Amino acid sequence: EAGRGVLLAGGIIGTTVLPMALLGHYEVASTEPAGALVHGLFFFAIGALIQELGFRLILFRLLEELTGTWLGLVLVAVVFALFHAANPDATAATLLAMGVGDLLLGACFVYTRRIWLVWGFHAGWNYLQDGVLGMPNSGITELVSWISPNVSGPEWLTGGVFGIEASWVVLLASAVVATWMLAWSRIEG
């Protein structure tokens with residue numbers, strides 16, 4: 001399931017970065033040695049695991065017990081967005097995008113009722129977006145990435161200085177995938 005999560009993250013990132021590259025809005029400026037890939041893998045995998053243990057296995061399950069699945073998902077998405085409010089260049093729009101992104105993370109958990117898919121998605125997202133492609137991770141740009149890109153173009157596509165999490169393409173793709181997962185979860189009971 002963790003591998004499927006990484007593939008899902010890669011698919012959504014690809015729906016944004018590939019058109020950016022084809023339109024000349026994402027260009028590789030330089031690359032770091034391959035060791036940067038290994039460092040980033042461990043860094044993002046551990047960070048995502050800690051966040052998912054807290055947000056999904058503790059907070060969501062407690063809120064779900066108190067309020068039900070749907071309200072629990074929304075409340076955790078709000079907390080997740082606010083958790084990122086202090087990040088560089090965070091705005092009301094980027095917090096909305098983070099909330100929608102968290103609904104997808106929550107949908108991954110509800111779909112399987114296990115941590116592995118959501119952990120793989122979260123770790124894969126952060127690793128591919130920042131550790132490999134060198135794009136800001138929720139506004140954070142200080143981390144070492146394998147690729148150092150030149151990113152330009154409209155903010156609705158690139159997400160601007162906050163990163164592709166604030167892209168309307170990612171927002172739409174995340175909403176569609178989350179809706180599908182939650183609908184399928186409901187069908188399966």
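Every heavy atom of this structure was used, including side-chain atoms; hydrogens, water molecules and symmetry mates were not. Model, not experiment: these values are computed from the prediction.
Residues Val161 and Met98 fall into different hydrophobic clusters, defined by Ile, Leu, Val, Met, Phe, Trp and Tyr side chains chained together at heavy-atom separations under 4.5 Å. One hydrophobic cluster, built from ILVMFWY side chains closer than 4.5 Å, cannot hold both Leu96 and Val74; they sit in different ones. Leu66 and Leu59 fall into different hydrophobic clusters, where Ile, Leu, Val, Met, Phe, Trp and Tyr side chains are chained together by heavy-atom contacts under 4.5 Å. Val100 and Leu95 fall into different hydrophobic clusters, defined by Ile, Leu, Val, Met, Phe, Trp and Tyr side-chain heavy atoms under 4.5 Å apart, directly or through other members. By the criterion of side-chain heavy atoms lying less than 4.5 angstrom apart, applied directly or through intervening Ile, Leu, Val, Met, Phe, Trp or Tyr residues, Leu53 is grouped together with Val76 in one hydrophobic cluster.
Annotation for Gly134 and Pro149: closest pair O-CD, 3.5 Å, computed over non-hydrogen atoms. The nearest pair of heavy atoms linking Ala97 to Ala166 is CB-CA, 4.0 Å. Across all their heavy atoms, Ala81 and Gly99 have their closest contact at CB-N, 3.9 Å. What you find for Thr16 and Pro19 is that their closest heavy atoms are O-CD, 3.3 Å. Nearest heavy atom pair, residue Tyr111 against residue Arg4, reads CE2-NH2, 4.2 Å. A pairwise comparison of heavy atoms in Thr67 and Gly72 identifies OG1-N, 3.3 Å as the closest pair.
By the 4.5 Å heavy-atom criterion applied to side chains, Leu182 and Trp70 are counted as neighbours. Leu37 has its side chain within reach of Val132: a pair of non-hydrogen atoms, C-beta onward, lies under 4.5 Å apart. No side-chain heavy atom of Arg113 sits less than 4.5 Å from a side-chain heavy atom of Ser185. Inter-residue side-chain proximity for Glu165 and Gln129 is flagged as met; some heavy-atom pair is nearer than 4.5 Å. A heavy-atom distance below 4.5 Å is not found between the side chains of Phe55 and Leu105. Contact check for Trp125 versus Ile12: side-chain heavy atoms found under the 4.5 Å cut-off. Using a 4.5 Å heavy-atom cutoff, the side chains of Met20 and Val169 are not in contact. Between Leu103 and Leu73 the shortest side-chain heavy-atom distance falls below 4.5 Å.
Sequence neighbours left out, the pairs with a member in residues 52-61 that pass side chain to side chain donor-acceptor pair (under 3.5 Å) are Glu52-Arg56, Glu52-His122, Arg56-Asp102.
Taken to the nearest 0.5 Å, the CG atom of Asp130 stands 11.5 Å off from the CD1 atom of Ile147. To the nearest 0.5 angstrom, Leu63 atom CG is 11.5 Å from Ile58 atom CD1. In this structure, CD1 on Ile164 lies 9.5 Å from CG on Asn137, to the nearest 0.5 angstrom. Here the CG atom belonging to Leu57 is positioned 4.0 Å from the CD1 atom belonging to Ile115, to the nearest 0.5 angstrom. In this structure, Thr158 OG1 and Leu23 CG are separated by 11.5 Å, a value rounded to the nearest 0.5 Å. Of the inter-residue distances, the one linking Gln51 atom CD with Phe44 atom CZ reads 11.0 Å to the nearest 0.5 angstrom.
Side-chain N or O atoms of Ser167 include one that pairs as donor or acceptor with a backbone N or O of Leu157 at under 3.5 Å. In terms of modelled atom types and a separation under 3.5 Å, the side chain of Tyr26 and the main chain of Leu133 share a donor-acceptor contact. Side chain of Ser145 to backbone of Ser148: no donor-acceptor contact under 3.5 angstrom is found. In terms of modelled atom types and a separation under 3.5 Å, the side chain of Thr94 and the main chain of Thr91 share a donor-acceptor contact.
Exactly one of Val79, Val110, Val118 qualifies for a side-chain contact (heavy atoms from CB on, under 4.5 Å) with Phe60. That residue is Val110. With Phe121 as the partner, the side-chain contact (heavy atoms from CB on, under 4.5 Å) test is satisfied by one option alone out of Val6, Leu8, Leu7: Leu8.
Heavy-atom neighbours of Trp180 CH2 from other residues, nucleotides or ligands within 6.0 Å: above the threshold of 12. Shown here is Glu65, whose CD atom has no more than 12 heavy atoms of other residues, nucleotides or ligands within 6.0 Å.
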